[in-house]
There are 4 protein chains.
Amino acid sequence: MTQEKNATSKAEQIIESPEKTELILDAAVKVFADKGYYGARVSDIAQEAGIAYGLVYHYFKNKEDLLISIFKSRWGQFDQAVRTIMEEKDDPRLMISSIISFLFHSYKNNPKVIEVMILDVAKSTRFFNGENIKQFTDLFSLMSDIVLRGQEQGIFKKDLDAKLAAYCLYGSVERIMLRWLLEDKKIITDQEARSATEMVTTIILSGLEQNG
Amino acid sequence: MTQEKNATSKAEQIIESPEKTELILDAAVKVFADKGYYGARVSDIAQEAGIAYGLVYHYFKNKEDLLISIFKSRWGQFDQAVRTIMEEKDDPRLMISSIISFLFHSYKNNPKVIEVMILDVAKSTRFFNGENIKQFTDLFSLMSDIVLRGQEQGIFKKDLDAKLAAYCLYGSVERIMLRWLLEDKKIITDQEARSATEMVTTIILSGLEQNG
Amino acid sequence: MTQEKNATSKAEQIIESPEKTELILDAAVKVFADKGYYGARVSDIAQEAGIAYGLVYHYFKNKEDLLISIFKSRWGQFDQAVRTIMEEKDDPRLMISSIISFLFHSYKNNPKVIEVMILDVAKSTRFFNGENIKQFTDLFSLMSDIVLRGQEQGIFKKDLDAKLAAYCLYGSVERIMLRWLLEDKKIITDQEARSATEMVTTIILSGLEQNG
Amino acid sequence: MTQEKNATSKAEQIIESPEKTELILDAAVKVFADKGYYGARVSDIAQEAGIAYGLVYHYFKNKEDLLISIFKSRWGQFDQAVRTIMEEKDDPRLMISSIISFLFHSYKNNPKVIEVMILDVAKSTRFFNGENIKQFTDLFSLMSDIVLRGQEQGIFKKDLDAKLAAYCLYGSVERIMLRWLLEDKKIITDQEARSATEMVTTIILSGLEQNG
DNA sequence: TATGAATGAGTGTTCATTCAT
DNA sequence: AATGAATGAACACTCATTCAT
């Protein structure tokens, strides 16, 4: 019986839940982006998702859980992208330009997600418990590994702190996207994304490279 | 005795009355840094300042006004520093390294102010009005002027977007400071400040410079 | 037992759920009457109604909405009574005495409602927006129609302003009821209601009638 | 020395105080009329009077004292007018028409005072203390004395309750003035005041008179 | 799963009043 | 008398969360 129950609820989870979960999460992204985390009401999100607000609590523990879930999901995608890039590319320089490209194209595809990530998630140190902060810093370790690899290969300057370099890379991209957000430039063309990618890549790579 | 009393009360006056605004603002910085803007209660700030609840509202319109005032004051100081640097230095490279140095030493001297600026003010920039946005973007214009000047002098690469470069510069510094904040590394040594300055300067300047 | 429980809860349902609005409104009448609109706290009303604080705000927009709702409901009842009287009676004199009678008996049945209507609603011009004032003045138009009809039938003096006459009628009744309220004479007998009716009717009708 | 001080302050009281008291009271009437008692801030009144708000508390105990003072002063004027009318006129009918005339012309001359009396004072009569209640009801006794006198002289119907009759008289006038206030008709012509007087006088006197 | 009525802690803000000068 | 900084009690309203159905 317990099995049956589990089976049922599992089946339901598989069939129904994921969709509803995503539905709510997408609504949350939209509302958080528009009103900010604190300005957003759970009922706003439910309304945006077209469901009763009590239902949000079937899928998420509480309001904060929504934000954490957005972070995990989207940061996870970023993490996955970086790992794939590191596997598929050989040259650390190419890896870095690919990461920058990925970020700017993420903005192009869904600026609201970026807005929430930059303004509501990243600036909310007070949410970050151990687990989340690990997921966060792990990715920076990964990116600094790229720098390290470049240093080992004699491509990058050896006396740079790889970690700090990774933060410069990410911070540059982040600030540029934040600029767009504050200027209410939510829609960018593919050309703009590529142009920004090229520019930041130039600056960062020239900065990292063994003076050539 | 009367004299002494007068002297005392005069001293108190000097400390208290004229700077009551500063007293409250400093308390607000401390409380915002510790609890975040939304977690901070106005009563916390009053208590921290050692004054009565309602007095905050004699000096500030409301809670948000406190945050805006902190922004105006501190961003104004940054603005002033950049202007002074631009007047006193000749070489655009020196200007940039001075700005980076100023920022890291600001963190060293008063990390709480930086915390509020990076975490709380940044979040609310979304809802800034025109005047505040202007104060914000004006400074980036100023910094991009430095890049432009370097381009004119043939020091910096000509094909870089000066504005974006300014954002890379600021974003790099900000991200590194945010990293410290997230790692709860509130106290840094002068050595660390100088080291970070040197590193970011190296990356950014190498990135900007005409490959030499 | 289960049946009994169900029966009970059903009974409760009938009493509670559909009429929650009325429950709150009745509580508001009681508290407004005792403490005045400004002296009444929303929490007093919730407590009087035996419900949670915030529930008031599920049923009413805000405190003022409670007062407006009381006005609409009770003034609507008065309006309905006047219309019924005008349909059922032929003689304008009878209509007037019936209206006076209705008002005094309303006081007898629920002096608190009258108290709120006279002191908190009617004296709150500052609440009255267009819609409410219309509902208010419409009824006076209706009453002046009675006077007009009497004038057409040659029963009432032709040179009286019908509108002013309606205000005299209502004002006389209102002041007498207000006197009772200020003298803390909340409970009146049916005899007293009839006596007051007769007296005011005499004065007003003699005043209106073509001198006989 | 104490004497001198007293003398001084007495002298000041005599010379200065009364003017300032009136100044504040007039300002209070204006502000209460415009914003209502509860909507008026003591600082509004002080500003209207052109003084510092702390000074209000030198002349009045508190905000309520302002309202009570307005009541005492204006109701006292009404009381005085009634007494003068009763002394100077012989015919109770003339007394009544004179009272009605006085009230309507009071509105014409200073509608704001009437507004405060009808709207704000009336609401607070609920919470009046014995002394104020007495001042209030005494005047109605006085007016009912007029009716009694008319009944003794065989001019008015003998079976009418004189007190109730006085309330009808006052209530009629008050309601008409309230109507003007609700319709924002603050300015009336002398002609309108006389016309209203005549009309109410007609209704009330015909109602009171032994059918002739 | 789905609903939305019910709960009540939490807090920004107002403003009458006091009082040192 | 005059000022206005300082005080702090008071309260309407919000909204995340729970839970009966």
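It should be emphasised that the depicted structure is a prediction, and the values quoted were computed from it without experimental measurement.
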Would you find a donor on one side and an acceptor on the other, under 3.5 Å apart, between the side chain of B/Lys63 and the backbone of B/Ala40?
yes
Please examine the side chains of B/Glu19 and B/Asp26, heavy atoms only from C-beta on, and report whether any two atoms are closer than 4.5 Å.
no
For a stem of at least 3 consecutive Watson-Crick or G-U pairs with distances under 3.5 Å, i pairing with j, i+1 with j-1 and so on, which stems involve DNA chain F?
E:2-21 with F:2-21
Between A/Arg74 and A/Ile114, is there a donor-acceptor pair closer than 3.5 Å when you use the side chain of the first and the backbone of the second?
no
Between CZ of D/Phe60 and P of F/dA1 the distance, given in whole Å, is 12 Å
Between CD1 of D/Ile45 and NZ of D/Lys30, what distance do you get to the nearest 0.5 Å?
12.0 Å
Mind calculating the distance between CG (B/Leu23) and P (F/dA5) to the nearest angstrom?
16 Å
For the aromatic rings, using the six-membered ring if either is Trp, is the centroid distance between D/Tyr38 and C/Tyr37 under 6.0 Å?
no
Rounded to the nearest 0.5 Å, how far apart are CD1 of D/Ile51 and OH of D/Tyr59?
7.5 Å
Examine distances only and state if a side-chain atom of B/Asn129 and a backbone atom of B/Asn132 form a donor-acceptor pair shorter than 3.5 Å.
yes
Could I get a table of every N or O pair under 3.5 Å where one atom is in the protein and the other is in nucleotides 14-18 of chain F?
residue	atom	partner	partner atom	Å
F/dA16	OP1	A/Ala40	O	3.4
F/dA16	OP1	A/Lys63	NZ	3.4
F/dA16	OP2	A/Val42	N	2.9
F/dT17	OP2	A/Tyr57	OH	3.1
F/dT17	OP2	A/Lys63	N	2.9

Using modelled atom types and a 3.5 Å cut-off, is there a donor and acceptor pairing between side-chain atoms of B/Ser73 and backbone atoms of B/Ser69?
no
Between D/Leu66 (CG) and E/dC15 (C1'), how many Å, whole number?
14 Å
Does D/Tyr59 have a side-chain nitrogen or oxygen under 4.0 Å from the phosphate oxygens OP1 or OP2 of F/dA2?
yes
Distance check needed: F/dG4 P versus D/Ile45 CD1, whole Å only.
17 Å
